[in-house]
There are 2 protein chains.
Amino acid sequence: MKNNTITVNQQFNEEKKIVFDENSCPVTATMQVLGGKWKCILINAIYITSPARFGELKRSVKGITQSMLTQQLRELEDDGIISRKIYAEIPPRVEYTLTDFGLSLSPIIQTMAEWGKQYRLNNESKK
Amino acid sequence: MKNNTITVNQQFNEEKKIVFDENSCPVTATMQVLGGKWKCILINAIYITSPARFGELKRSVKGITQSMLTQQLRELEDDGIISRKIYAEIPPRVEYTLTDFGLSLSPIIQTMAEWGKQYRLNNESKK
DNA sequence: AAAGTAAGTATGAAAAATAATACTATTACT
DNA sequence: AGTAATAGTATTATTTTTCATACTTACTTT
């Protein structure tokens, strides 16, 4: 009984009920798919060099290790973002391309690319 | 001498010299600023609830711990993406807002938000 | 016969990111 | 006197990421 007024006030004080989680924040949802250090870079690399081969990606994506590349490509494949085509040849050949779903991410990647270009220009001019 | 022809062939075989690193890949450059689990989510949250207070962010951004929030806000501040305004009051009050530089990232965040909405719609309809 | 090629797998170690918990200061309210 | 509020810091633990290295297969070239 003592706390009645306080309780009522607290309820009325909940002005902003905004919550950021997977269900109510679309950015959080996107991060579930694009999270991690390499996903965006790999999607961009495959977009540009498509069809991209494993060894080619290993050489061109600087800093990535073979096991990381394998792992990230598997995750992208599991998420339906890239498709993996194996040629039964010796030596083996595997080609990676973006699926339609993967292509739907390209506006994000392109926006990131544009920002990155500007960012670098600004940094250059500040030298 | 034996390997002359091979050496020459290898040089000519370098058809694609595309490299993805901080210097030549703008997506990689962007990732340097937006990388990590929380950056995009926080930028979005501050964009929406601006001016955002510390405790408010702690409550609304689900899953983030206090120390992560502090750390990420510091990094965003160091990168010039957000600004931090301290009010000398008791209890203390600190307000976070996006800087102009931070606002320049909003096309990326908006594109991510739009994709996330679509993604969720697609997932809903597949149930 | 040895080395090279492509696309990996397997394993253990190290580093980085993230989380959990306890603690701080100052003031107002009960 | 005890409790709450705000915006943190400090410390340790746990989890996730990333790295390094060795190994595999089957065929070709040296």
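Computed over heavy atoms, backbone and side chain alike; hydrogens, waters and symmetry mates excluded. So you know, we letter chains A, B, ... as the sequences are listed, proteins then strands, and number each from 1.
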Phosphate OP1/OP2 of D:dT9: any B:Arg74 side-chain N/O under 4.0 Å: yes
Euclidean distance, atom CD of residue B:Glu95 to atom P of D:dT6 [Å, nearest integer]: 13 Å
Atom-to-atom span, CG of A:Leu69 to C1' of D:dT21 - whole angstrom: 17 Å
Spacing between B:Ile90 atom CD1 and C:dT27 atom C1', to the nearest angstrom: 6 Å
Residues that B:Glu77 engages under salt bridge (Lys or Arg N to Asp or Glu O under 4.0 Å), provided they are two or more places apart: none
Any A:Arg59 side-chain nitrogen or oxygen under 4.0 Å from OP1 or OP2 of C:dA7: no
Minimal non-hydrogen separation, A:Lys62 against A:Arg59, with atom names: NZ-O, 3.0 Å
Closest heavy-atom pair and its distance - B:Lys39, B:Leu34: CB-O, 3.7 Å
Interatomic distance, B:Leu57 CG vs D:dT6 C1' [rounded to whole Å]: 13 Å
Shorter than 3.5 Å, N or O on both sides, protein versus nucleotides 17-20 of chain C: list them out with atom names.
| residue | atom | partner | partner atom | Å |
| --- | --- | --- | --- | --- |
| C:dT18 | OP1 | B:Lys37 | N | 3.2 |
| C:dA19 | OP1 | B:Lys37 | NZ | 3.4 |
| C:dA20 | N6 | B:Ser67 | OG | 3.1 |

Rounded distance (nearest 0.5 Å) linking atom CD1 of B:Ile82 with atom CD1 of B:Ile43: 8.5 Å
Separation between CD1 of A:Ile81 and CG of A:Leu73, rounded to the nearest 0.5 Å: 11.5 Å
A:Arg93 CZ to C:dA6 P, straight-line distance once rounded to whole Å: 12 Å
Separation of atom CD in B:Glu89 from atom P in C:dA25, rounded to whole Å: 21 Å
d(CZ, A:Phe54; P, C:dT9) in whole Å: 8 Å
Reported OH-to-OG1 distance for the pair B:Tyr119 and A:Thr30, which is rounded to 0.5 angstrom: 9.0 Å
All side-chain contact (heavy atoms from CB on, under 4.5 Å) counterparts of A:Ile90, not counting sequence neighbours: none
N/O donor-acceptor pair under 3.5 Å between B:Ser106 side chain and B:Gly102 backbone: no
N or O in side chain of A:Tyr96 less than 4.0 angstrom from C:dG8 OP1/OP2: yes
4.5 Å side-chain heavy-atom contact, B:Ile41 and B:Ile64: no
The helix from C:dA1-D:dT30 to C:dT30-D:dA1: angle between end helix axes, five pairs per end, rounded to 10 degrees: 20°
Distance, rounded to the nearest Å, where B:Gln66 contributes CD and D:dT6 contributes P: 12 Å
Touch class at under 4.0 angstrom, heavy-atom based, for A:Tyr87 against every strand present: nothing
Contacting residues from residues 19-27 of chain B, given that a heavy atom lies under 4.0 angstrom of DNA chain C: none
Residues forming a salt bridge (Lys or Arg N to Asp or Glu O under 4.0 Å) with B:Arg74, sequence neighbours excluded: none
Min side-chain heavy-atom separation A:Trp38-B:Met31 under 4.5 Å: no
Whether B:Asp21 side chain and B:Asn23 backbone form a donor-acceptor pair below 3.5 Å: yes
